[in-house]
S.K.: 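To start, I am sharing the structure in question, which I have written as structure tokens.
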2 protein chains.
Amino acid sequence: MATDRSAPLWERLERPAPVPRQTLSPQRIAMAAVAVADAEGLEAITMRRLATELGVAPMAPYRYVSGKDDLLELMVEHVYAGMRLPGGLGWRESLHALAVGTRELMLEHRWLAQLPPQSKLALTPGRMAVAEQSLTALDGLGLDPDTMMGIFRSVDAYVQGAMSYDSAVDAFMSEQSLSSGDELRTELAPLMAWHMRTGHYPTYQHYLSTATRKDDRRWQFDLGLNCLLDGIAVRLNM
Amino acid sequence: MATDRSAPLWERLERPAPVPRQTLSPQRIAMAAVAVADAEGLEAITMRRLATELGVAPMAPYRYVSGKDDLLELMVEHVYAGMRLPGGLGWRESLHALAVGTRELMLEHRWLAQLPPQSKLALTPGRMAVAEQSLTALDGLGLDPDTMMGIFRSVDAYVQGAMSYDSAVDAFMSEQSLSSGDELRTELAPLMAWHMRTGHYPTYQHYLSTATRKDDRRWQFDLGLNCLLDGIAVRLNM
DNA sequence: TTTCCTTTGTGTACGCTGTATCGAGCGGAT
DNA sequence: ATCCGCTCGATACAGCGTACACAAAGGAAA
């Protein structure tokens, strides 16, 4: 009987590898793929490139992964498995730590924030663990389950949205060989100048000429995260 | 002199179309592309498909658009131009209206929330207008420009993150011909059951069996948005 | 009117992608 | 010794984005 492709990926992976002697394995595949994506970005991930990296024929990985979507899911789990979960903290510290931890994971693996829509849904064990941790952090505070999940998803949405933006900027910069915020703004200057010349954006223009933290991403991330957590605290009557 | 490809897209578009009699135009291209994407999703957008839709050879649109990235940017602007901006409201009502308006735009055009990273950065006039509107809503409240921009970007990050998730779920459902949340959960049941059988997610399991608003997306969206706005309000009163 | 130049759209082609399919070889159970 | 099932190799195909050279079409100048 061939591998049952209809079962969930995680169930398939759990069944003991029928024979332990093969040259390929899900782990080896995931590691190679993550290494390539870390070094050259998500668009470098190609079934052929992956096979080359593994020293194997183009179709070989398909024995372990039903297609590219499966591969991405495997990559997601591979990196999420390395995430540290906080324990024994209050709800706010927990959510904060989880958000910052996710951010750090995404800084380490820029492609995580650029996954195609399908892979964003990947319900991998690692992501389930993050969800569970968030929910338990909010448990026992008198919230109904819908609100608990809603709060978790809101924080997650913020993190994903913020990192998706940052990561897109990073990708653009490295693609254009820009290595600082100043170089980026120089590159974008003609476009911005054109917009500003229309006179439609006076407040934006004021920001451009007087802001001093344009490159402090961590400060920006924390600002929004803290606002969100403050608002959640309001809902918790604390 | 051929069209100057190095100038920003918006500057190029503004120069009067050299001759108004041609069969193709940026507007016609944008409309056709948006129509296809609305009806069949972003992955149906292909330079060849677009050309077919316009009754034209595959390479013809390249006269008006330097590549697929440019096309997506054009599409983004085409739909953002139809967004209504609130006027004369307080900061909170403005930000709320902007967020809800963006959400509605993304519900009308599901592909908006699935754009590839590059296109997410597109500084189109329509998106600039949203930014300007947000900033002016926050102006005159004693905030420094960095904080104003940080707040705008936080709300935007939340909206993008939340809609990116919803939109991915929608895409998955229509791809699998699922038409209700119940059908979706039935489809996912084997995977969820496998996760739950591990016993690692008791709180999640409790949510699954007792939650009653799993399909109320608007409620979920508003929950997070209101938390975020509440948190911003805290920052404004100090 | 004839000529010519610029713009607009056509045709063809290349290298790349994901992946279906078929066949070869090998290891372990019968 | 035989067979079977799994692993991996080779080949192939349709589809993608887009580079490039050419044809038609319209206005300006002669």
Side-chain angles (χ1 to χ4, degrees), chain A residues 1-5 7 9 12-13 15-29 32-33 36-37 40-75 115-119 175, chain B residues 1-6 9 12-13 15-29 32-33 36-37 40-75 115-119 175:
Chain A
M1 179 185 97
T3 312
D4 179 6
R5 294 285 165 75
L9 174 62
R12 273 181 279 144
L13 285 192
R15 310 204 262 252
V19 133
R21 62 180 150 51
Q22 60 249 352
T23 86
L24 249 37
S25 73
Q27 283 75 11
R28 236 169 70 71
I29 292 176
V36 170
E40 304 176 38
L42 196 58
E43 73 285 358
I45 292 288
T46 280
M47 296 308 283
R48 286 170 159 86
R49 170 68 190 277
L50 174 65
T52 305
E53 215 71 25
L54 291 162
V56 115
M59 292 299 291
Y62 280 88
R63 231 12 94 173
Y64 300 84
V65 139
S66 73
K68 200 180 183 180
D69 290 348
D70 245 25
L71 173 65
L72 294 178
E73 209 163 318
L74 209 53
M75 293 171 62
L115 291 170
Q118 277 212 48
S119 313
E175 182 177 297
Chain B
M1 178 185 98
T3 312
D4 178 6
R5 292 287 166 75
S6 72
L9 174 62
R12 274 182 279 144
L13 285 191
R15 311 205 261 252
V19 134
R21 62 182 149 49
Q22 59 248 356
T23 87
L24 249 36
S25 73
Q27 284 74 12
R28 236 170 70 71
I29 291 176
V36 169
E40 304 176 38
L42 196 57
E43 73 285 358
I45 293 288
T46 277
M47 295 309 282
R48 288 170 157 88
R49 170 68 190 277
L50 173 66
T52 305
E53 214 71 24
L54 291 163
V56 113
M59 291 299 291
Y62 280 87
R63 289 278 165 206
Y64 299 86
V65 140
S66 75
K68 200 180 183 181
D69 290 348
D70 245 25
L71 173 66
L72 294 178
E73 209 162 318
L74 210 53
M75 293 171 63
L115 291 170
Q118 278 210 54
S119 313
E175 182 177 298

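Chain identifiers are assigned alphabetically (A, B, ...) following the order of the sequence lines, protein sequences preceding nucleic acid strands; residue numbering begins at 1 within each chain.
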S.K.: Tell me which nucleotide among D:dT7, C:dG18, C:dG9 gets nearest to the side chain of A:Tyr64.
M.R.: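 Between D:dT7, C:dG18, C:dG9, the one nearest the side chain of A:Tyr64 would be D:dT7.
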S.K.: Tell me the interatomic distance from A:Glu43, atom CD, to C:dT17, atom P, rounded to whole angstroms.
M.R.: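 The distance from CD of A:Glu43 to P of C:dT17 comes to 12 Å, rounded to the nearest Å.
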S.K.: Please identify each residue that fulfils side chain to side chain contact (heavy atoms under 4.5 Å, CB included) with A:Arg28, with sequence neighbours left out.
M.R.: A:Leu24, A:Ser25, A:Leu54
S.K.: Strictly below 4.0 Å: does B:Thr23 bring a side-chain N or O up to OP1 or OP2 of C:dT8?
M.R.: no
S.K.: Might you work through the side-chain contact (heavy atoms from CB on, under 4.5 Å) test for A:Leu71 and A:Met47, ending with a clear yes or no?
M.R.: CA-CA 9 Å; A:Leu71 173 65; A:Met47 296 308 283; 4.0 Å; yes
S.K.: Are any non-hydrogen side-chain atoms of B:Met75 and B:Leu115 less than 4.5 angstrom apart?
M.R.: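 In short, these two side chains do not touch, never coming nearer than 4.5 Å.
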S.K.: Could you give the OH-to-P distance, from B:Tyr62 to D:dC16, as a whole number of Å?
M.R.: 11 Å
S.K.: I need the CZ-C1' distance between B:Arg63 and D:dA19, as an integer number of Å.
M.R.: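 Spelled out: CZ on B:Arg63 to C1' on D:dA19 is 12 Å.
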S.K.: May I ask you to list the residues of residues 44-61 of chain A, by number, that have any heavy atom positioned under 4.0 Å from an atom of DNA chain C?
M.R.: A:Ile45, A:Thr46, A:Met47, A:Arg48, A:Met59
S.K.: Looking only at heavy atoms, what is the nearest atom pair of A:Ala51 and A:Ala57, with distance?
M.R.: CB-O, 3.4 Å
S.K.: Nearest of D:dC8, C:dG9, C:dG18 to any side-chain atom of A:Leu24?
M.R.: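 Nearest to the side chain of A:Leu24 among the choices is D:dC8.
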S.K.: Side-chain contact, heavy-atom cut-off 4.5 Å: B:Leu42 with B:Leu72?
M.R.: yes
S.K.: Begin from the C-alpha positions of A:Leu50 and A:Ile29 and carry the test side-chain contact (heavy atoms from CB on, under 4.5 Å) through to its verdict.
M.R.: CA-CA 8 Å; A:Leu50 174 65; A:Ile29 292 176; 4.0 Å; yes
S.K.: Please give, in whole Å, the distance from D:dA19 P to B:Lys68 NZ?
M.R.: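 Nearest whole value for this atom pair: 15 Å.
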